[in-house]
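Within every chain, numbering begins at 1; the chains are lettered A, B, ... in the order of the sequence lines, protein sequences first and strands thereafter.
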There are 2 protein chains.
Amino acid sequence: MKKNAEACEITYVDEKKVKKVQREMLREKAVETISDMFKALGDYTRLKILYALSKEELCVRDLSSLLETSISAISHQLRVLRNLRLVKPRRQGKVVYYSLDDDHVLSLLQIGVKHAEES
Amino acid sequence: MKKNAEACEITYVDEKKVKKVQREMLREKAVETISDMFKALGDYTRLKILYALSKEELCVRDLSSLLETSISAISHQLRVLRNLRLVKPRRQGKVVYYSLDDDHVLSLLQIGVKHAEES
DNA sequence: TGAACAATTGAATAATTATTCAATTTTTCA
DNA sequence: TGAAAAATTGAATAATTATTCAATTGTTCA
């Protein structure tokens with residue numbers, strides 16, 4: 001991502017309105033946290049992983065065969081989701097089972113499904 | 001994105017469970033629609049645009065000064081959001097005002113904010 | 001009409017990121 | 001102990017995408 005040069009010469013159409021919204025805007029930190037979560041859901045593989053895990057706790061290999069994606073690719077994406085604390089692992093012997101670890105993900109998925117049904 | 005080669009040799013840990021989840025999985029079309037929406041929310045600039053528009057109807061220039069991002073960059077992102085029917089334009093003379101055009105976006109933003117507050 | 005402003009657009013560039021491949025870690029069990 | 005299985009990891013590659021820059025479209029109004 002590149003930064004803008006145009007920003008120094010700020011001109012408004014409706015300065016009052018802009019200032020008002022400016023006060024209501026999200027903090028940078030919140031923007032990061034929120035967009036990271038949406039970014040996680042905004043990828044085919046990760047969305048399918050999360051959706052599958054909303055139905056069943058699954059191990060890496062089963063996710064791999066379910067989504068027809070390599071073990072390694074699944075594992076990389078699981079790490080992304082783990083770092084965001086959206087899923088959690090449970091080790092049982094050699095096998096690592098994953099499940100959802102965030103109350104909001106399920107709500108988001110449901111809204112997503114509703115959105116898809118209506119369009 | 002690349003496709004996997006590993007997929008031909010499918011092995012299961014728990015075939016029954018995989019088959020069950022397979023039946024419950026989303027259709028490819030739905031996965032696309034849903035992840036497109038989340039992808040839209042998963043970018044700093046677009047997330048801020050949508051959040052700002054949830055507070056006020058705004059024109060391109062005001063979004064540009066509010067987010068300190070070039071007119072052109074904003075316009076490109078607005079097109080993405082327009083194509084997904086997440087925002088809608090309203091022309092008044094030379095100025096184009098944008099507002100939210102999807103009932104789900106607001107719900108998603110609210111869950112996002114809640115998520116950020118809890119982490 | 002034509003100058004000025006708002007916004008859009010296409011192409012190019014700069015960044016980001018998903019997947020692959022090879023190597024490694026962790027655990028089981030023969 | 002050591003071979004085998006499951007998963008993770010790092011580096012490289014392949015794709016995708018956000019922003020910039022320059023040119024253009026659409027609209028107003030003097």
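Per the geometry, CD1 belonging to B/Ile74 stands 12 Å off C1' belonging to C/dA7, to the nearest Å. Taking atom CZ on A/Arg61 and atom C1' on C/dT28, their separation rounds to 15 Å, with Å as the unit. For A/Gln77 and C/dT19, the CD to C1' distance is 8 Å, given to the nearest whole Å. The CG atom of B/Leu63 sits 13 Å away from the P atom of D/dT19 (whole-angstrom rounding). Per the geometry, CZ belonging to A/Arg82 stands 10 Å off C1' belonging to D/dT9, to the nearest Å. Rounded to an integer number of Å, the gap from A/Lys94 NZ to C/dT28 C1' is 5 Å. The separation between A/Ile71 atom CD1 and D/dT8 atom P is 9 Å, rounded to whole Å. Here C/dT17 presents its C1' atom at 8 Å from CZ of A/Arg46, a figure rounded to the nearest Å.
Stacking of the aromatic ring of A/His76 onto the base of D/dT9 is found: the ring centres lie under 5.5 Å apart and the planes are inclined by under 30°.
With hydrogens and angles ignored, no donor-acceptor pair under 3.5 angstrom links the side chain of A/Ser72 to the base of D/dT8.
Using a 4.0 Å cut-off between a side-chain N of Lys or Arg and a carboxylate O of Asp or Glu, A/Glu28 and B/Lys48 qualify as a salt bridge. Ion pairing between B/Lys88 and B/Glu57 fails under the 4.0 Å rule for side-chain N and carboxylate O.
For D/dA6, neither phosphate oxygen OP1 nor OP2 lies less than 4.0 angstrom from any side-chain nitrogen or oxygen of A/Tyr98. In this structure, B/Lys39 reaches the D/dT17 phosphate: one of its side-chain N or O atoms is under 4.0 Å from OP1 or OP2. For A/Tyr44 and C/dT17, the shortest distance from a side-chain N or O to OP1 or OP2 is not below 4.0 Å. Taking 4.0 angstrom as the limit, B/Ser70 places none of its side-chain polar atoms (N or O) nearer than this to OP1 or OP2 of D/dT19. The side chain of B/Arg91 contributes no N or O atom lying less than 4.0 Å from OP1 or OP2 of C/dA7. Taking 4.0 angstrom as the limit, A/Thr45 places a side-chain polar atom (N or O) nearer than this to OP1 or OP2 of C/dT19. B/Arg79 has a side-chain polar atom (N or O) that falls below the 4.0 Å cut-off from OP1 or OP2 of C/dG10.
Using a 4.5 Å heavy-atom threshold, the side chains of B/Leu58 and A/Asp14 count as separate.
Each of B/Val96 and A/Val80 has a nearest nucleotide on DNA chain C; the 5'-most of these lies closest to B/Val96.
To the nearest 0.5 Å, the span separating CE on B/Met25 from CG on A/Leu66 amounts to 5.5 Å. For the atom pair CD1 of B/Ile71 and CG of B/Asp62, the computed distance is 9.0 Å after rounding to the nearest 0.5 Å.
You'll find that the side chain of A/Ala73 is closest to C/dT20, out of D/dT20, D/dA7, C/dT20.
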